[in-house]
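Shown next, in structure tokens, is the structure this report addresses.
The chains referred to below are lettered A, B, ... by the order of the sequence lines, with proteins before strands, and numbering in each begins at 1. Computed from a prediction, not measured in an experiment: that's the story for all the values here.
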Amino acid sequence: MLPLPPGLRRRLGEGPPPPTPAPPPFAPPAPAPPLFAPSLLPPLPPPFTFAPRRLRLGPHHPLFEDGDVHRHLYLQGVLTSLAEVAERPKVSEFSCHISGCCQVFDTLEGYEHHYNTLHRNVCSFCKRSFPSGHLLDIHILEWHDSLFQIMAEKQNMYKCLVEGCAEKFKSSKDRKDHLVTVHLYPADFRFDRPKKVKSGPKHVSSPTKQGSSMPMDVSVEMSEQFQVDPMEIGPSEHTEIPRPAASPSSSVPEKRLYKSRIPSTICFGQGATRGFKGPRKKV
Amino acid sequence: MGTDSITALRKARRQEQLVSKRLLREDTAAEEGGQDGAEIVPDPLSEDEVLELLRGVQRASEDRKRSLSRLRWALQNKETQQKFVRLDGSIRTLIGLFTSSLADMQMEAARCLHELSHSSDPAVAEACLPVTSYLLTYLSGHSVEFTELCLYTLGNLVVESEAVRKQLLPQGIIPVLASCIQSPHEAVLEGLGYVLSQLLQAKEAPTEIIPLVLDSVLPQHMLRLVCSGLKAGIGAAVEFAWCLHYIVCSHTANAALLSLGALPALTSLLLDLASEIPQDAPEGLELLVCPVLRCLSNLLAEETDCEVQIQDERLLVALFLILQCFLQQHPFIVQECLWLLNNLTADKPFFCSTLLGLDLLPALLQLLPCSQMASVLVLTVLCNIAEKGPAYCQQLHQQPALPLLLPTLTLPNPEVVGQCLELLHLLFLHWPEAAADFVRQGGHRALEQHQSTPELQERARALLDMVGQPLGASTFSPCHATLSAFS
């Protein structure tokens, strides 16, 4: 326990100090004549080298060692976690309110994720869903905007997909080359498929690809034709739960009005917990 | 945690091999495998079993979801992880599921990738290289849980592999994080802070990463989130505080941070933190206090004359309240506080006179025996004070300081003793009465012990001269005649 003066904490509550710095402590009475009057003192003896200086420490300084270890233990989940463990509410079952979608949920988070994956950034022309508004906007522009095609003949219109990169290209292929060489994107990046030669939104369902409502098998080499590719699938995405009986792909709603939105913040209640895990022990 | 493990961690830290990762996992009874809550690591699977799981996941069937869950469970085991990534097409399959619009599958695949990212085998992390562009793409999404998972997966990959970082930068991770930091969700912000903190610790950070960060809106948001941490989102505040620390201690960016008002903002935060303790202090507050102290100390050490901004006696009050609060449970905070105290007292006399005026000297002296590092720092601060002149030395002497300094002279540590000698020199120089008292209390005998210690002997002898007790006083030259009258 440190011997702190009483009433110290109160001083925190007081307002900012007066502008002038505090004077040095009381002026002392004249000290007894020093043994060595200052003028007779030799210059500062060489062995004493102290000079006050502010210390500047780099990331690996020994002073940081203990604190860094503590931080490490915190991240590894060994210490008590600061934040409350995130909880997901368990509610009674409810179904997605988008007409035609029969997915069912028992947590709001599960619903949120489903909605965002499948319904949120959906192209109203061809029903493809996208991971973000950004990619959706680019898709609409390039696939469904006739003016775009006209302008693209004259100037570079294909925008780079990477946020923060302002480059534009005259063709989808040029853009892909840029993505691969400059941004180190994979050559088969799933959200940059070139527009199909066959026009019209209906081709996207490719009923031949999926005779049933079950997702296709995936062979190892052809996983990029994984039929749950969002760029390829339209309304048949609704095969969330493989149900042999239903054929959701046959009932394509004509126009979808995605007016209703879930609020961007969801309040969580009680339910399953999620948190940071520490080292597991072998039994 | 046993002391052996702590020692091992310290050693790893010294060798710059401390790799920290965060693991986000669900708490379901079925997984834990026991009512007693014992956490079990699954045994490794055989190659065939792993292959069977992979096939189960590639095959479209009712069972696919279940296979994927079993895979996720199995991937908690390091050997299984290694076997899995070596299988042809395994990562491609996971990517396929990860980028599908089947939300359940996507989430489960994301959890598999997260387990892989947490592996202590760097080869496993590097196998996840093809995933990074997708992880980034999904950061612009809206599902909080999914985004959080992607962020922690990214953060784990970043710390493990330079190849991953080399790829993520051109893939645009910094602009994406800069957008993400405007999210209102605390879980997302904490994950974001985690990724950034891992990026900023990379050895190439000062040249490759920090400049990009400074060019974005990240610094001002980081500062804002650190300073509002007590009210909303202390988890995120902790992450961003460590981010700021990594930036500041690289000493490449401090002008920019100072111009953002970091110094007054962090000072204000420290005052707030001090007023929270000990009554309402949340568990783990030291994780926020520590990096804030470090930032303040290093920012103060910049050449610019910035301490004028924070000449506020409340800062000293806060510092000592923090010291008192954490002394027992988290003694590492002591050296962090003392470093700040040094930087505050080194140049201008304001904090020296405030320390004396607020009667904080007894508390400071009490910290002397805490640890070797604390001893050196306390003595250095005392030197800072003594160097300011006779009035200060008088107060030190009248504390009284000598009774606590004398035992320090007998410690076996030359660095500590050396600093003590420097202090005594200043004391005797400015306030000779201290020299007389020193001899009266037998201090000169302690000095004589050091005449054969190389680092100390010159200074010990010089001090003995000062107090009129030169070695071999029997052989004295005329100028020493007056000295014997003194003693």
Please answer whether the main-chain N or O of [Y] pairs with a side-chain N or O of [X] as donor and acceptor at a distance below 3.5 Å.
X	Y	answer
B:Q324	A:L2	yes
A:Q76	B:K21	yes
B:Q335	A:L63	yes
B:H251	A:L57	yes
B:Q171	A:L184	yes
B:R294	A:F64	yes

request  = Determine, step by step, whether B:H142 and A:Y115 satisfy the ring-ring contact (aromatic ring centres under 6.0 Å, His included) criterion, reporting the C-alpha distance in whole Å, the side-chain angles of both residues, the deciding distance to 0.1 Å, and the verdict.
outcome  = CA-CA 9 Å; B:H142 295 266; A:Y115 182 89; 9.5 Å; no

How many angstroms lie between atom [atom1] of [X] and atom [atom2] of [Y], to the nearest 0.5 angstrom?
X	Y	atom1	atom2	result
B:L18	A:H60	CG	NE2	11.0 Å
A:F130	B:S101	CZ	OG	10.5 Å
B:R22	A:L75	CZ	CG	5.5 Å
B:C249	A:R56	SG	CZ	11.0 Å
A:E112	B:S143	CD	OG	5.0 Å
A:L161	B:T137	CG	OG1	8.5 Å

query = chain A heavy atoms under 4.5 Å from B:R459: which part of the residue, side chain, backbone, both or neither?
reply =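 Both backbone and side chain of B:R459 come within 4.5 Å of chain A.
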
query = Side chain, backbone, both or neither: which part of B:M107 has a heavy atom under 4.5 Å from chain A?
reply =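 Both parts, backbone and side chain.
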
query = Where do B:L323 and A:L4 land on the side chain to side chain contact (heavy atoms under 4.5 Å, CB included) test, with the steps shown first?
reply = CA-CA 10 Å; B:L323 274 164; A:L4 295 181; over 6 Å; no

inquiry  = Checking A:D66 now: which residues fulfil salt bridge (Lys or Arg N to Asp or Glu O under 4.0 Å) with it, not counting sequence neighbours?
reply    =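 So A:D66 forms a salt bridge (Lys or Arg N to Asp or Glu O under 4.0 Å) with B:R10.
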
Pairs of heavy atoms under 4.5 Å with chain A: top-ranked of [options]:
options	result
B:Q419, B:K388, B:Q328, B:E336	B:E336
B:Y246, B:F320, B:W242	B:W242
B:L377, B:L364, B:V19, B:L423	B:V19
B:L327, B:N342, B:T132	B:N342
B:P175, B:G233, B:G357	B:P175

Side chains of [X] and [Y] in contact at under 4.5 Å (non-hydrogen atoms):
X	Y	result
A:R71	B:S197	yes
B:E286	A:Y74	no
A:F189	B:S133	yes

key: Between B:Q106 and A:H113: side-chain donor-acceptor atoms closer than 3.5 Å   =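 Checked: B:Q106/A:H113 side chains pair up, N/O donor to acceptor below 3.5 Å.
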
ask   = Mind checking what makes side chain to side chain donor-acceptor pair (under 3.5 Å) contact with B:E387, not counting sequence neighbours?
value =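 B:E387 satisfies side chain to side chain donor-acceptor pair (under 3.5 Å) with no residue once adjacent residues are dropped.
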
Please name the pair of heavy atoms, one in [X] and one in [Y], separated by the smallest distance, quoted to 0.1 Å.
X	Y	result
A:Q103	B:D104	NE2-OD2, 4.1 Å
A:L55	B:W339	O-NE1, 3.0 Å
A:E163	B:V176	OE1-CG2, 3.9 Å
B:Y134	A:P186	OH-CG, 4.2 Å
A:R54	B:A301	CB-CA, 4.1 Å
A:H72	B:S20	ND1-OG, 2.9 Å

key: A:L179 versus chain B, the contacting section by heavy-atom distance below 4.5 Å   =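 Neither; nothing under 4.5 Å.
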
inquiry  = Quick check on A:V162 against chain B: is it the side chain, the backbone, both or neither that has a heavy atom closer than 4.5 Å?
reply    =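 For A:V162, side-chain heavy atoms alone lie under 4.5 Å from chain B.
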
request  = Give the C-alpha distance, both sets of side-chain angles, the deciding distance and a yes or no for side chain to side chain contact (heavy atoms under 4.5 Å, CB included) between B:F146 and A:N116.
outcome  = CA-CA 10 Å; B:F146 188 64; A:N116 289 326; over 6 Å; no

key: A:F50 and B:H425 aromatic centres sub-6.0 Å   =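 No, they do not, as the ring centres are separated by 6.0 Å or more.
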
key: Verdict with reasoning, B:D312 to A:R11, per salt bridge (Lys or Arg N to Asp or Glu O under 4.0 Å)   = CA-CA 11 Å; B:D312 183 342; A:R11 286 183 177 266; over 6 Å; no

message = Just checking B:Q457: does its CD atom have more than 12 heavy atoms from other residues, nucleotides or ligands closer to it than 6.0 angstrom?
response =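 Yes, the 6.0 Å shell around CD holds more than 12 heavy atoms from other groups.
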
Heavy-atom neighbours of A:R53 CZ exceed 12 at 6.0 Å =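 12 or below, so no.
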
ask   = Can A:D188 and B:R92 be said to form a salt bridge (Lys or Arg N to Asp or Glu O under 4.0 Å), step by step?
value = CA-CA 11 Å; A:D188 60 351; B:R92 285 172 73 83; 3.7 Å; yes

task = Decide yes or no on side chain to side chain contact (heavy atoms under 4.5 Å, CB included) for B:D359 and A:L8, but give the supporting numbers first.
result = CA-CA 10 Å; B:D359 195 23; A:L8 189 66; over 6 Å; no

query = After noting the C-alpha distance and the side-chain angles of A:F48 and B:L426, does the key distance pass the side chain to side chain contact (heavy atoms under 4.5 Å, CB included) rule?
reply = CA-CA 9 Å; A:F48 296 103; B:L426 288 165; over 6 Å; no

